[in-house]
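All chains are named by letter (A, B, ...) in the order of the sequence lines, taking the proteins before the strands, and each is independently numbered beginning at 1.
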There are 2 protein chains.
Amino acid sequence: MQSQGQVRSANLAAALACLRDGGPRSRARLAADTGLTKATVSSLVAELVERGLVAEGAVHRPGSVGRPGTLVELDGRGVCGIGVEVNVDYLAVLALDLGGAVRWESRLALDVPGLRPVEVLARASAMVAEARAGGAAGAVGITVAVPGGVQGSVVRTAPNLPGWVGTDVAAGLADLGLPVTVGNDADLSALAEVSAGPHAGVPDLVYLTGEVGVGGGVVTGGQLLRGSTGLGGEVGHLALTPGDAPCGCGRRGCWETVVGLGALLRAAADPDDPLRDPGRDLEDRLADLLARARDGDARTLEALTGIGTGLGVGAAVLVALFDPAVVVLGGYFAVVGEFLLDPLRTALAQRVDAADRVALSTLGFTAAVRGGAHVALQPVFTDPTTVPLEASA
Amino acid sequence: MQSQGQVRSANLAAALACLRDGGPRSRARLAADTGLTKATVSSLVAELVERGLVAEGAVHRPGSVGRPGTLVELDGRGVCGIGVEVNVDYLAVLALDLGGAVRWESRLALDVPGLRPVEVLARASAMVAEARAGGAAGAVGITVAVPGGVQGSVVRTAPNLPGWVGTDVAAGLADLGLPVTVGNDADLSALAEVSAGPHAGVPDLVYLTGEVGVGGGVVTGGQLLRGSTGLGGEVGHLALTPGDAPCGCGRRGCWETVVGLGALLRAAADPDDPLRDPGRDLEDRLADLLARARDGDARTLEALTGIGTGLGVGAAVLVALFDPAVVVLGGYFAVVGEFLLDPLRTALAQRVDAADRVALSTLGFTAAVRGGAHVALQPVFTDPTTVPLEASA
DNA sequence: AGACAATAGTGCAGGGACCGAACGAATGGG
DNA sequence: CCCATTCGTTCGGTCCCTGCACTATTGTCT
């Protein structure tokens with residue numbers, strides 16, 4: 001705490017957070033809720049209006065005697081955060097405004113196989129430029145989700161994106177002139193789950209995403225678990241059943257060899273089955289598998305039950321260690337979740353007391369970009385003075 | 001941030017933390033290190049001196065040209081925090097002053113078997129009173145370590161202290177007139193490890209303590225992992241090898257049935273061996289076992305190797321999930337650590353990359369009380385204005 | 001209809017805290 | 001002996017919050 005300038009920032013942030021979390025209210029209510037005086041709140045609100053972050057709304061319906069207050073509400077229009085997801089076969093962009101509304105969403109399939117990182121980032125940059133020209137005016141930052149480990153803005157490990165190791169993602173998007181941060185996709189998805197949807201505000205949550213492998217993101221005490229080398233919460237290579245199937249990491253029995261999408265497809269179909277045609281799009285094959293399961297195909301159901309049980313075994317460890325309020329299943333787990341939850345809960349109940357703390361993600365495949373956009377917005381909530389005063393009188 | 005009063009508190013805290021972490025220095029250095037101006041630092045130091053938290057030391061030897069500065073240093077004498085440990089067969093008290101020096105240490109064996117919590121707490125209260133009359137003047141708070149789960153100041157679960165469930169520990173020490181907080185013993189031990197000793201300042205650390213069961217405390221990002229119901233970091237009942245030995249929790253295959261002290265004694269000795277005589281003190285039996293191991297007794301060594309391997313299997317999971325800079329072994333693990341580390345590292349290396357991140361605790365059985373005393377001191381560092389101005393001068 | 005109570009929002013003086021600059025103090029070097 | 005250098009303090013200025021007074025607006029009671 002250097003000087004009173006930071007007091008101002010902190011109080012602006014407190015007022016803004018209050019409006020974000022509790023919705024519109026009068027200046028008097030805001031004063032009561034923040035513990036500041038009405039005079040101070042008036043001054044804070046005036047500054048936030050000048051910065052285009054809040055706006056006066058309707059007059060509050062009286063309800064009881066006394067002069068009615070003028071509602072003050074978050075005005076997200078002037079400011080938005082942009083999330084970008086780089087994945088094996090697609091790019092995605094999503095922009096959130098300050099109020100949490102989606103202002104832009106786009107997706108681009110990467111059907112050219114041998115594309116280099118620089119070229120992919122150039123396309124991502126173009127997508128962001130398009131977003132800013134479209135609905136995402138007033139961008140304050142970009143956060144990029146990558147399926148791998150990240151240090152600073154450099155990709156350090158990326159089992160499914162081997163060519164990206166060593167790439168400085170921020171440098172590739174520097175031409176946009178916005179601050180760029182980079183994060184693991186599962187971590188950002190976990191943040192998305194605690195920032196929106198049914199689990200908004202939950203301070204202790206574990207997110208599991210089923211892809212080819214298994215990704216994990218852990219939020220404890222409202223903070224993302226990072227660990228000493230940034231690999232905290234990485235669940236894919238947990239050694240739960242030593243001596244089992246070989247894993248891409250060189251070891252055996254990693255959890256993702258049990259519950260990854262590859263394991264599901266192997267268990268559900270013979271090698272010559274179209275489900276296991278590596279030339280087909282994974283989402284299509286997953287849709288086929290879901291259709292079979294809904295038709296009641298015995299082998300498919302059995303495979304899914306196996307995945308659910310395997311998930312339960314691992315989730316038991318996660319629940320015991322992290323004690324989360326909920327374990328959220330995303331990625332392909334959410335797609336076929338209806339067939340996973342029962343065996344998962346059964347396996348969980350045999351190992352821990354809290355077997356009902358499992359839920360399916362409702363954010364679908366946009367979780368990572370949404371989390372990225374959310375992260376990009378954080379500086380505004382931390383210090384609203386980062387947004388310049390509007391020139392408008 | 002309400003007003004500038006809190007700015008003052010924050011800056012006092014910053015100055016104090018700077019002196020604690022970086023040692024004595026002149027006001028000018030302190031100004032440079034905190035980013036505040038010399039004028040402000042002079043004022044802050046004057047107030048900290050008035051509160052008895054810092055003192056002027058020797059004149060700094062010049063070194064180079066210019067007026068030499070007066071060293072300012074932490075003065076711990078006026079203030080101390082008290083840690084109390086309630087365990088199955090003993091009570092322990094330890095007082096730390098602000099500088100981290102031990103000002104009092106005492107231990108009391110509880111040889112009366114059927115003692116009720118109220119009676120135990122009365123003895124603890126007397127021990128604290130004795131400490132305050134002895135070396136621990138200026139106590140600012142008490143933190144009690146209990147071997148179990150805690151909510152607020154009430155014991156919620158205590159497998160080894162069944163009579164204590166529901167006990168309000170703070171109420172039992174209320175007569176001392178000091179703020180009392182209560183925590184899990186392994187959690188407090190973990191905090192002790194990051195506050196003193198070779199791992200001081202490490203922000204990501206896992207602490208494992210071998211007792212009858214196994215306790216765990218996890219620090220991530222400098223914060224204790226608590227979880228949604230306060231059970232985060234509880235490692236004893238991890239389900240690592242389902243279908244194994246029955247555990248006191250009613251399930252099977254819990255980790256503590258593999259690596260707890262009971263498992264070691266069962267593996268190392270026949271039922272009629274004095275090692276397994278339940279009437280003998282556990283520490284004595286442990287000393288005997290250690291002597292046998294040092295004599296090279298094959299069965300003992302084999303049992304210890306088994307424990308080490310079992311520890312490695314579980315530690316692999318912890319390392320993968322929490323990505324700590326180090327896993328510290330305390331309790332009985334530290335006592336027989338010389339025989340555990342090799343098999344532990346071998347098992348770990350088969351499962352994760354970072355197999356060298358294991359160390360033995362050097363704090364011995366005082367870890368929990370030390371952590372408690374440290375926690376009791378925290379409010380002073382968070383807000384130095386909680387310490388009253390001294391009447392002197 | 002009019003008076004009164006209750007609530008919302010603003011204006012103004014006051015005080016606390018930090019900053020920047022200037023100044024005295026203490027030391028080593030030339 | 002003078003000067004550059006560094007330390008610590010003093011003093012005026014600025015910023016921001018507070019508390020109180022004051023106006024504005026509405027409902028209720030007589």
Side-chain angles (χ1 to χ4, degrees), chain A residues 1-16 18-19 24-51 54-73 383-385 389, chain B residues 1-16 18-19 24-51 54-73 383-385 389:
Chain A
M1 187 57 46
Q2 228 74 323
S3 76
Q4 35 275 65
Q6 304 197 11
V7 175
R8 187 66 171 180
S9 288
N11 284 337
L12 288 168
L16 204 57
C18 208
L19 291 174
R25 72 197 76 185
S26 69
R27 290 175 175 81
R29 268 299 298 277
L30 199 51
D33 293 346
T34 58
L36 298 161
T37 60
K38 287 188 299 176
T40 303
V41 168
S42 272
S43 158
L44 293 172
V45 167
E47 181 169 344
L48 290 173
V49 169
E50 276 189 75
R51 296 190 188 277
V54 308
E56 289 199 340
V59 172
H60 191 44
R61 72 270 113 139
S64 75
V65 317
R67 170 177 163 181
T70 321
L71 287 186
V72 175
E73 61 190 355
D383 181 3
T385 62
L389 293 166
Chain B
M1 186 55 46
Q2 228 75 320
S3 76
Q4 35 275 66
Q6 305 196 10
V7 175
R8 187 68 171 177
S9 288
N11 284 337
L12 287 168
L16 203 59
C18 208
L19 291 174
R25 73 198 73 186
S26 70
R27 290 174 175 80
R29 268 297 300 278
L30 198 52
D33 293 346
T34 58
L36 299 162
T37 61
K38 288 189 297 175
T40 303
V41 168
S42 272
S43 159
L44 293 172
V45 167
E47 179 168 346
L48 290 173
V49 169
E50 276 189 76
R51 295 189 188 278
V54 309
E56 289 198 342
V59 172
H60 192 44
R61 72 267 111 154
S64 76
V65 314
R67 171 179 165 183
T70 322
L71 287 186
V72 175
E73 61 189 356
D383 180 5
T385 62
L389 294 165

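- What you find for B:G57 and B:T70 is that their closest heavy atoms are O-CG2, 4.0 Å.
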Item to check | Stepwise side-chain contact (heavy atoms from CB on, under 4.5 Å) test for B:R8 and B:S43 | outcome: CA-CA 10 Å; B:R8 187 68 171 177; B:S43 159; 2.7 Å; yes
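- Taking atom CG on B:L36 and atom P on D:dG8, their separation rounds to 15 Å, with Å as the unit.
- Atoms CG and CG, from B:N11 and B:L36 in turn, are 4.5 Å apart once rounded to the nearest 0.5 Å.
- A straight line from CG of A:L44 to P of D:dC16 spans 10 Å, rounded to a whole angstrom.
- Taking every heavy atom of both residues into account, A:A14 and A:T34 meet most closely at O-CG2, 4.4 Å.
- The interatomic distance linking B:Q6 (CD) with D:dC16 (P) rounds to 16 Å, in whole Å.
- In this structure, A:L12 atom CG and D:dC15 atom P are separated by 15 Å, rounded to whole Å.
- Between the side chains of B:R67 and B:S26, not a single donor N or O lies within less than 3.5 Å of an accepting N or O.
- For A:N11 and D:dC17, the shortest distance from a side-chain N or O to OP1 or OP2 is below 4.0 Å.
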Item to check | Protein-to-nucleotide contact annotation, 5' to 3' order, nucleotides 6-13 of chain C [B base; S sugar-phosphate only; - none; under 4.0 Å, heavy atom] | outcome: BBBBBB--
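- Residue B:T37 places at least one side-chain N or O closer than 4.0 Å to OP1 or OP2 of C:dC19.
- For the atom pair OG1 of A:T40 and CG of A:L30, the computed distance is 11.0 Å after rounding to the nearest 0.5 Å.
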